2 protein chains.
Amino acid sequence: MSGGEKVLNERKKAILKAIVDAHIAGGEPVGSKFLTQNQQIGCSSATIRNEMAELEEMGYLEQPHTSAGRIPSEAGYRFYVDLLIDRYNLTESEIEELRGALRQKQNELDAIMQTAVTLASKLTNYTALSLRPRQARIAVGRFELMRLDDTTAVLIMLIGSVVKTKYIRSNRAIPPEATSLLAGVLNAKITGLTAGEITLPLIMEMERMMGEYDYLVSPVVRAVCETISGFDGGELRFEGINRLLAYPEFYDMDRLREMLALFEKKDKLLEVLSDEAHSGDRVQIYIGRENLVKVMDNSTLVFKTVTQDGKPVGAIGIIGPTRMNYRRVIATIDSLSRNITEAINAPKDKDGSES
Amino acid sequence: MSGGEKVLNERKKAILKAIVDAHIAGGEPVGSKFLTQNQQIGCSSATIRNEMAELEEMGYLEQPHTSAGRIPSEAGYRFYVDLLIDRYNLTESEIEELRGALRQKQNELDAIMQTAVTLASKLTNYTALSLRPRQARIAVGRFELMRLDDTTAVLIMLIGSVVKTKYIRSNRAIPPEATSLLAGVLNAKITGLTAGEITLPLIMEMERMMGEYDYLVSPVVRAVCETISGFDGGELRFEGINRLLAYPEFYDMDRLREMLALFEKKDKLLEVLSDEAHSGDRVQIYIGRENLVKVMDNSTLVFKTVTQDGKPVGAIGIIGPTRMNYRRVIATIDSLSRNITEAINAPKDKDGSES
DNA sequence: ATTAGCACTTGAATCATCGGAGTGCTAACC
DNA sequence: GGTTAGCACTCCGATGATTCAAGTGCTAAT
């Protein structure tokens with residue numbers, strides 16, 4: 001709000017960066033004296049104090065109380081993050097672990113995301129999250145029907161690249177020939193349609209096609225619709241929640257409780273993330289309440305989209321205190337999402353010749 | 001260790017019960033004076049003090065420090081719980097909510113358990129858990145194969161009453177006629193077999209049966225084995241972790257962290273629970289470290305098995321502070337598991353005639 | 001423009017004090 | 001003998017005073 005030119009001289013930059021670094025490392029406010037140790041800044045504490053006062057005026061720093069050091073404001077973190085173009089690179093072994101874990105799961109997006117989120121949490125030591133965003137257009141691409149006994153069958157649906165199943169029970173018989181017929185009708189008539197596009201005339205036509213087995217259409221279609229609506233809700237998973245506790249900013253019970261409540265109130269988050277998830281190919285970083293829910297005062301969200309055939313099919317990210325190790329987190333998330341995207345887009349894995 | 005007859009006179013029972021009740025309600029140690037308000041105990045504080053001293057000697061009570069009131073020991077809670085034969089009954093509306101939620105999901109054990117665990121957490125206000133125990137003998141009961149394109153297919157397996165799917169990718173073509181052939185071979189040869197029973201001769205025989213498509217057998221069998229071994233690991237889910245925070249006994253950060261760490265270290269829990277899950281038709285209650293992992297000093301675990309065709313297929317439970325509302329929790333878990341068991345065993349739901 | 005120095009502010013830690021709650025025990029009471 | 005009133009004793013927790021150290025802002029000197 002209040003003015004302040006955007007231009008920072010080199011020394012201010014160095015000081016700001018040093019403050020953020022120090023605060024990330026220690027978690028405490030940092031004072032002028034401490035900064036004199038930093039080689040990059042060749043001046044006395046008094047000078048630094050003056051600079052810090054100006055940085056505070058510009059909104060990059062904050063003072064918890066009069067006689068404490070400074071901590072970076074959200075704007076300060078933002079500046080710092082934007083500065084970080086030189087990526088922290090994962091070590092060879094970390095990359096290997098990642099690749100190895102992904103190689104197991106062939107194209108099972110669900111399983112892959114689960115693996116990835118665990119890995120992300122482990123590698124960064126923060127809470128990780130995986131997201132399957134809400135999608136506008138959900139439709140079944142392929143149906144299959146597996147008959148179990150006289151009155152039971154399993155309906156198998158391919159949605160995107162995810163397989164969903166649903167039990168069908170009927171109080172009238174489901175003869176073997178009816179299942180294949182029904183599967184054929186379903187594939188012919190309602191592949192590619194969203195729940196809203198399955199109309200009554202369509203259903204009636206299907207019933208006509210089913211002949212004497214018309215009674216099966218209604219329950220099956222209902223099952224399809226249920227599955228579709230269940231699917232488009234998106235999905236959000238967390239892993240490593242307890243890692244939050246290791247960081248002093250969450251030692252405050254109330255804050256922690258808010259955070260956990262946030263984790264459970266997935267709907268809200270999902271909504272926001274689903275929007276954001278569609279945007280861009282880069283790692284996205286939300287600092288504090290920059291954009292998202294306001295609960296996240298002291299937290300930062302880092303995530304990146306996973307795409308298949310150019311379309312976002314999920315996202316993976318990290319949530320943690322604002323003073324997080326950005327280099328590492330960014331690198332991890334970037335690398336993970338890149339590898340997942342790669343794994344699900346370049347199929348054809350060579351069939352190793354084990355005994 | 002030190003002696004003490006098991007017999008408690010009526011007054012002692014009344015006092016012990018009153019203390020547990022009060023401590024559950026308030027969370028604080030309870031003193032002799034407070035208990036005089038209780039109508040059931042018609043005597044003065046001094047008498048009560050004497051009785052309490054004896055109860056402490058017998059091991060049913062503890063004193064945090066000399067000049068505090070008493071709190072129930074684990075043995076005290078145990079006694080209290082065993083005393084609770086009169087069940088707390090859920091209200092009509094609660095039962096209705098439960099039934100309604102279950103009715104939606106037809107026999108999808110996974111979805112049902114998910115619903116149930118959410119409900120359990122909501123109804124009791126504690127952290128709830130659902131368990132699919134480790135099982136000794138896992139075998140596929142039925143195979144189906146869905147062809148997607150020239151090199152991809154989805155293998156669909158019915159394990160118990162759970163459907164699992166797995167992508168199959170091949171670097172050689174998967175022609176349509178091969179899929180049905182392969183499904184037939186799989187159904188003929190390896191239904192009912194555990195991973196260990198799928199031997200090399202068997203595989204070779206299958207390859208012979210597949211004729212020119214023999215190259216498909218190996219990757220598919222491998223997928224089957226992976227799925228089976230993935231499945232027998234059991235599964236443990238938590239819901240409502242943040243509810244723990246509402247209780248003062250978890251206001252201690254370290255305790256809380258231990259607890260959360262426990263939640264993530266599912267393997268261990270799974271192991272213990274899988275054993276226990278097989279036992280009995282009653283609600284099981286573990287108080288403190290009575291039996292389980294030692295982390296759970298101040299916590300109680302209440303759970304009950306869900307059975308299908310008489311066999312345990314899962315369990316649902318609550319975890320919370322030792323001073324929990326046992327009546328309510330026991331009733332909820334009992335009712336939930338009973339309803340689930342009912343839902344998955346008595347199929348044939350009437351097909352309502354909605355327009 | 002930079003720096004040294006100093007007065008000032010403020011939260012955190014330490015310590016002593018005090019009050020209340022609750023006990024255990026003894027002596028009186030039924 | 002069981003029950004109760006009374007009292008001395010213990011111990012925790014809250015309160016408040018004091019001290020301490022860190023860090024600032026400002027002024028004057030370089």
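The shown structure was predicted, so the numbers you read here are calculated from the model rather than taken from an experiment. In the text below, chain A, chain B and the rest are named by the order of the sequence lines, each starting its count at 1.
When only modelled atom types and interatomic distance are considered, A:S299 and A:Y286 share no side-chain donor-acceptor pair under 3.5 Å. Of the N and O atoms on the side chains of B:Y126 and B:N325, not one donor lies less than 3.5 Å from an acceptor on the other residue. Side-chain atoms of B:S32 and B:R49 form a donor-acceptor pair, as typed in the model, at a separation below 3.5 Å.
Contacts with DNA chain C (heavy atom under 4.0 Å) in residues 30-41 of chain B: B:G31, B:S32, listed by number. Annotation: proximity of residues 46-53 of chain B to DNA chain C (heavy atom, distance under 4.0 Å) is found for B:R49, B:M52, numbered in ascending order.
Separation of atoms NE2 (B:H23) and OH (B:Y77) is listed at 5.0 Å; rounding is to 0.5 Å.
To the nearest angstrom, C1' of C:dT2 lies 13 Å from CD of A:E54. Between the CD atom of B:E56 and the C1' atom of C:dG24 there is a distance of 12 Å, rounded to whole Å. Between the C1' atom of D:dG2 and the CD atom of B:E10 lies a distance of 18 Å, rounded to the nearest Å. As a whole-Å value, the separation of B:E28 CD from C:dG20 P is 17 Å.
Of the listed nucleotides (D:dT4, C:dG24, C:dT3), C:dT3 has the atom at the smallest distance from the side chain of A:C43.
A 6.0 Å sphere centred on CD of B:Q37 holds more than 12 heavy atoms belonging to other residues, nucleotides or ligands.
B:L55 has its side chain out of reach of B:R70: every pair of non-hydrogen atoms, C-beta onward, lies at least 4.5 Å apart. Between A:T36 and A:I41, every side-chain heavy-atom pair lies at or beyond the 4.5 Å cut-off.
With respect to B:T300, the side chain to side chain contact (heavy atoms under 4.5 Å, CB included) criterion is satisfied by exactly one of B:I319, B:V329, B:I318, B:I287: B:I287.
When all heavy atoms of B:A116 and B:I316 are compared, the closest pair comes out as CB-CD1, 3.3 Å.
Put simply, the side chain of A:S121 never gets that close to the backbone of A:T118: no donor and acceptor are under 3.5 Å apart.
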Tabulated below should be each protein N or O lying under 3.5 Å from an N or O of nucleotides 10-19 of chain C; please produce it.
{"residue": "C:dT10", "atom": "O2", "partner": "A:S67", "partner atom": "OG", "Å": "3.0"}

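A residue-by-residue look at B:R11 and A:R70 shows that B:R11 has its nearest nucleotide of DNA chain D further toward the 5' end.
Checked for salt-bridge contact, B:E51 and B:R11 meet the test: a charged N lies under 4.0 Å from a carboxylate O.
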